[in-house]
Structures are given as structure tokens and as C-alpha cells.
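The next block holds one structure in the form of C-alpha cells; read it before the comments.
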Amino acid sequence: MLSRPRRNRKNQALRDLVSENHLSAKDLIAPLFVKEGTGEKEAIASMPGQYRFSVSDLLDECGRLLELGIPCVSLFPALSDELKDKTATESYNSEGLFPRAIMAVKEKYPELLVMTDVAMDPYSSDGHDGLVSEEGQILNDETLPILAKMALTQAQAGSDIIGPSDMMDGRVKYLREALDKAGHTQTSIMSYSAKYASSFYGPFRDALESAPKSGDKKTYQMDPANAKEAIREALLDQAEGADILMVKPGLPYLDIICRLKEKTDLPIAAYNVSGEYAMIKAAAEKGWLDGEKAMLEMLLSFKRAGTDMILTYFAKEAAELLKGR
Ligand code: PBG
């Protein structure tokens with residue numbers, strides 16, 4: 001037998017030498033939820049190990065993540081219902097919870113990258129990412145100025161990376177122009193380019209109580225049946241000035257990451273979303289699989305598919321494990 005592939009697997013040292021992909025804390029972005037007030041951190045039932053943090057607890061968490069070598073956090077605000085309205089006014093209140101949280105993190109940890117989400121849902125009484133008309137339509141062009149005001153507020157507060165997750169058409173160009181015009185030429189855009197209308201966002205919507213009040217998100221988020229359309233979306237975002245392209249969710253869409261890698265030279269991010277986290281946590285709690293091993297295997301699969309970075313609620317846990325190796 002001339003070829004014996006098993007020879008390259010005979011012990012750990014050799015397996016390490018021939019290993020094609022590596023997972024590092026430096027690849028990870030940790031999504032974190034921030035809430036109003038100074039109270040205790042609140043556990044999110046459908047995401048064991050994840051919390052809504054007060055600003056001061058958020059700072060402690062950021063410090064810990066930085067120590068573990070995680071370069072970036074992605075922040076989301078959990079707002080009370082009184083602050084939500086049809087036009088997401090709170091999203092561009094420069095004195096609001098979110099800008100205050102961004103400022104606090106950047107002041108304490110200037111070297112930690114802060115990414116912030118741009119979409120109306122955490123601030124919208126309709127629970128949609130765009131403006132909802134009387135007839136229940138999601139209005140594209142009317143939403144863009146609101147997104148721009150939101151992005152400018154976040155950039156002003158110190159956000160390093162703006163992450164439009166709303167899936168409105170033309171928003172990357174609109175935001176790039178608004179940011180540049182205001183002098184934020186160094187604020188990056190990581191576009192949620194191929195964002196699918198997915199059932200895997202359920203636990204996230206519990207965390208922010210941001211589920212749509214009526215209808216679903218299928219007129220703006222993508223149909224899980226489509227792959228070519230994802231490439232079209234991503235290349236549009238690239239042409240509109242995105243710095244990094246994201247595929248979301250991650251695990252059920254690894255094929256999209258692979259295909260996109262062939263079509264773009266921009267860095268690619270995967271969002272390992274809340275439902276993917278919850279699946280592993282739930283199975284591990286039941287003793288049905290080894291949670292740590294499953295987590296590392298899943299994160300490595302993103303690297304193998306071709307991502308440069310992974311947004312994942314496992315960031316801290318994975319970095320802790322990787323550190324011990
Ligand atoms: C908001 C947004 C969502 C997620 C990130 N940004 C929810 C949605 O689109 O309904 C989901 C993240 C996750 O499930 O972890 N537009």
C-alpha cells in the first residue's frame with residue numbers, strides 16, 4: 001500500500017503538525033447583552049451561561065474577555081418596553097443606555113474592539129428591524145435614515161465596527177456615506193450580508209424581548225432555500241463598501257461560507273447564533289453529548305469552512321479551554 005492516510009494520524013504530535021486549521025481566542029467575537037440600571041446580572045433562561053449585564057458588570061466581563069485574548073465584543077441593548085416606539089427613537093438618543101455602555105467600555109478598555117448592531121428591533125415597539133407601515137409592510141428606504149442616525153450615535157460613542165443586521169437594501173452604502181460625511185472614516189462596517197430568516201434566533205429574541213409583534217421577517221431576511229442569493233447579497237455589500245462580510249446563522253449555513261470564500265477577497269465572519277448555542281447547552285445538560293468537545297468541534301468547523309472570525313456566545317468558554325492547552 002503506497003498511501004496510508006492513517007500514518008499522519010498516528011499520534012498527537014503528528015496530528016498537530018499536519019492540522020490544517022486552528023482555533024484561537026483571537027478569532028472570536030463575544031456577543032454581550034447590556035441592561036439599564038445597577039442591579040444584579042440577569043440570567044437568560046434559554047441561553048445558560050449568558051446574562052443581561054449592568055454597565056458595571058459589563059466592564060468586568062469585558063476585562064475578563066480581554067485577559068483571555070478575545071479581541072472584540074459585540075454589544076446589544078436590552079431595553080424596557082417604555083423606551084420602544086414605532087420609529088426606534090431611543091436608538092439615536094446619545095444619552096441612552098447603549099451609547100453610555102459603548103463609551104464606558106472604550107474608556108476602560110481602549111484596546112478592546114467594540115462592535116455594535118444596527119437594526120431597529122431592540123428599540124422598536126413592532127419588534128421589526130425596519131419601519132412598519134400602517135398596512136404592516138416593512139418600509140425599506142424610509143428605514144435607512146433611522147439606521148444612519150443609529151450608526152452615527154454608536155460611532156460617536158466610540159464603536160469600532162458597525163454591524164448592520166437589518167437586511168434593508170442599500171444600507172451599507174447609505175451608512176458608509178453617513179459615517180464618512182460625519183468624519184468617521186475609520187469606523188468599520190461588518191455587514192450581516194447573508195442573514196437568513198432563521199428559527200435559530202429564538203433565544204436571542206428572548207434575551208432582548210425583541211420578537212416581532214406581528215408577522216415574520218421573511219420579506220427582508222433570506223429564504224433558507226437559497227445560496228446564489230446569498231452571494232448576490234454579499235457582493236452588493238462589498239460593492240457598497242463593507243469591510244467584512246458575515247454569514248448568519250453559522251452551522252446550518254457552512255456551505256454559504258464556503259461558496260462566498262470563492263467569490264470574495266474580503267474577510268468573512270460567521271455568526272454562531274443563540275439557537276446553535278442553546279442546542280449544545282441543552283444536549284450537554286442532559287448528558288447527551290460532551291458540551292466542551294462539541295463546542296470546539298463546531299467552532300473549528302467555521303475555520304475549516306473559511307471564516308476569519310466567529311461571533312459566538314461560546315467565546316469565553318472556548319478561550320478558557322484553549323488557554324489551558
Ligand atoms: C437583530 C439581530 C438578531 C440577531 C442579531 N441581531 C435577531 C433577529 O434578526 O431577529 C440574532 C442573534 C442570535 O440569535 O444570536 N436584527
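Just follow the structure's listing: the first ligand is 1, and inside any ligand the first atom is 1. One is the number of the first residue; the rest follow in order along the sequence.
Counting heavy atoms closer than 4.0 Å to ligand 1, residue Asp117 contributes side-chain atoms (C-beta onward) but none from N, CA, C or O. At a heavy-atom distance under 4.0 Å, only side-chain atoms of Ala119, from C-beta outward, approach ligand 1.
Between Tyr220 and His128, the angle of the ring planes goes over 60°, which puts this pair in the perpendicular group of the 30/60° scheme. Ring geometry for Tyr253 versus Tyr196: interplanar angle under 30°, hence parallel rather than tilted (30 to 60°).
Looking at ligand 1, you won't find any N or O of Tyr192 less than 3.5 Å from one of its N or O atoms.
Crowding of Lys261 atom NZ: a count of heavy atoms from other residues, nucleotides or ligands under 6.0 Å exceeding 12.
Between the side chain of Lys106 and the backbone N or O of Leu112 there is at least one donor-acceptor pair closer than 3.5 Å.
Among Leu245, Ile268, Ile231, Leu236, the one residue that satisfies the side chain to side chain contact (heavy atoms under 4.5 Å, CB included) test with Ser193 is Leu245.
Ligand 1 places these atoms under 4.0 Å from at least one heavy atom of Gln221: 8 (C), 9 (O). In the vicinity of Lys195, heavy-atom distances shorter than 4.0 Å reach the ligand 1 atoms 1 (C), 2 (C), 3 (C), 6 (N), 8 (C), 9 (O), 16 (N). Each of the atoms 8 (C), 10 (O) of ligand 1 lies under 4.0 Å from some heavy atom of Arg205.
For atom 1 (C) of ligand 1, the nearest protein heavy atom (residue, atom name, distance) is Asp121 OD2, 2.8 Å.
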